[in-house]
Amino acid sequence: MFCKTKTHTLFYHNNARTISSLKVVWRKDPALDRAIEYDKRYKQCARVVKEVLNEPGQVIPLRYLEKRRERMRLKVKAETFINQNPGLFDVYYSRIKPKTEPVRFIRPSDRLHCFLQEEQRIFSENEPFIVSKLCKLLMMSKNKFISADKLLHVKREFGFPNDFLVDLVPRYPQYFRLTGSPGEGKSFLELVDWNPEFAKSVIEKRAEEESERLGIRVRPNFNVELPPGFVLKKEMREWVRDWLELDYVSPYQDVSHLDQASREMEKRSVGVFHELLSLSLHKRIPVPILGKFCDDYRFSNAFSSTFTRHSGIFYLSLKGGIETALLREAYRGEELIDRDPLLRIKDKFVELLEEGWRQRKEQLILKQERINEDMELLATKVGE
């Protein structure tokens with residue numbers, strides 16, 4: 001069930017216990033890989049919808065959309081995609097220029113417009129939650145500011161609205177200051193005020209809740225659960241045990257005094273990755289995206305080995321040829337159980353897609369029934 005494909009080696013120096021040449025084996029987890037595969041069709045539909053919505057007037061000639069297939073990573077013809085996903089768009093005829101022949105255009109359907117209104121309602125309901133997420137990203141950063149372009153690049157990973165920098169940010173001057181112009185590479189979002197309520201990680205909150213429930217102090221620490229069939233060598237088991245005994249280092253804590261190669265800094269890095277994945281919509285983020293924030297969050301250049309080194313906390317998927325870091329505790333098998341409130345938007349979009357797929361299936365069944373009836377009628381006439 002699990003297969004070995006790569007290893008990582010640990011080197012720690014200047015610690016009470018020196019660890020060297022500890023081989024950590026990467027193993028495939030089919031259930032978590034399926035969790036990523038499940039979203040492929042939904043994401044493809046979302047990319048096409050985005051392409052159309054970004055057009056002036058939200059309309060586009062079908063043949064223009066066809067020319068953008070490679071950019072949208074669309075494996076079928078645009079016309080085939082429209083037919084396979086009824087309910088997303090309306091097809092109509094119009095002229096690109098006066099006195100030219102009418103050609104097919106597409107525009108958002110009434111059902112898609114209803115979804116877009118529902119999306120805005122969900123964003124509005126969860127605005128305080130979105131603001132806290134954005135504050136947390138800045139509070140964990142080294143200098144308490146992050147490039148606006150980087151934040152735009154990860155808006156879908158964390159569920160931010162498309163226009164959050166120009167609409168949401170200006171309405172919260174007590175938290176944010178935007179400098180420069182987004183899109184020019186020289187714009188930054190700065191943290192204006194430190195809110196202590198936001199400076200509690202998921203792990204710290206969980207420890208507080210457990211302490212209150214049990215009536216005894218529970219130390220903040222990571223949940224470690226290795227997948228079935230995954231066995232650590234004795235040397236590695238001892239290292240993990242000792243490492244877990246170290247005090248938890250909050251991702252919101254100042255760590256400028258820590259040695260980058262220390263076990264304490266490793267604990268802090270794992271805490272930041274845990275918090276970032278916890279704040280993400282699907283509790284997973286592609287490694288190349290995390291790599292854009294190495295300087296902001298003090299990640300080492302070889303940070304991706306952290307996910308294999310701590311296989312009981314994370315899973316490093318290679319699905320689709322892209323390394324993706326997943327938070328194990330957020331999943332039960334392939335099912336995401338730690339659901340972000342903003343995932344209701346995805347749920348609504350999937351409902352829209354499935355309604356269209358049911359409609360298409362019914363139409364195909366009716367079409368086949370008519371063909372069968374015609375064939376039976378023809379056979380009867382031939383036999384007469």
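Within the structure, every pair that satisfies the ring pair (Phe, Tyr, Trp, His ring centres under 6.0 Å) test and touches residues 336-363, not counting sequence neighbours, is listed here: Tyr42-Phe349, Phe115-Phe349. Residue pairs that meet the ring pair (Phe, Tyr, Trp, His ring centres under 6.0 Å) test with at least one member in residues 75-106, sequence neighbours left out, are Tyr92-Phe105.
Scored by the side chain to side chain contact (heavy atoms under 4.5 Å, CB included) test, Arg213 finds Glu210 as partners (sequence neighbours excluded). Partners of Glu66 by side chain to side chain contact (heavy atoms under 4.5 Å, CB included), not counting sequence neighbours, listed by chain and number: Arg69, Lys77, Ala78. A search for ring pair (Phe, Tyr, Trp, His ring centres under 6.0 Å) contacts involving Tyr252 returns nothing, not counting sequence neighbours. Applying the ring pair (Phe, Tyr, Trp, His ring centres under 6.0 Å) test to His274 and every residue at least two apart in sequence or in another chain returns Phe222.
Screening Arg284, Lys28, Lys40, Lys319 against Asp33 for a salt bridge (charged side-chain N to carboxylate O under 4.0 Å, His left out) leaves a single residue, Lys28. Of the listed residues (Arg268, Arg219, Gln253, Glu204), just one forms a side-chain contact (heavy atoms from CB on, under 4.5 Å) with Tyr248, and that residue is Glu204.
Phe158 has its ring centre no less than 6.0 Å from the ring centre of Phe164.
Under a 4.0 Å N-O distance rule, the pair Lys150/Asp295 does not qualify as a salt bridge.
In this structure, Arg309 and Val270 have side chains that are not in contact, with every pair of non-hydrogen atoms separated by 4.5 Å or more.
At least one cation-pi condition fails for Lys283 and Tyr331: the charged atom is not both under 6.0 angstrom from the six-membered ring centre and inside a 45 degree cone around its axis.
Considering every non-hydrogen atom in both Asp29 and Tyr315, the closest pair reads N-OH, 3.0 Å.
Using cut-offs of 30° and 60° for the angle between ring planes, the Phe176 and Tyr172 rings count as perpendicular. Classified by interplanar angle (parallel below 30°, tilted 30° to 60°, perpendicular above 60°), the ring pair Trp243/His310 is tilted.
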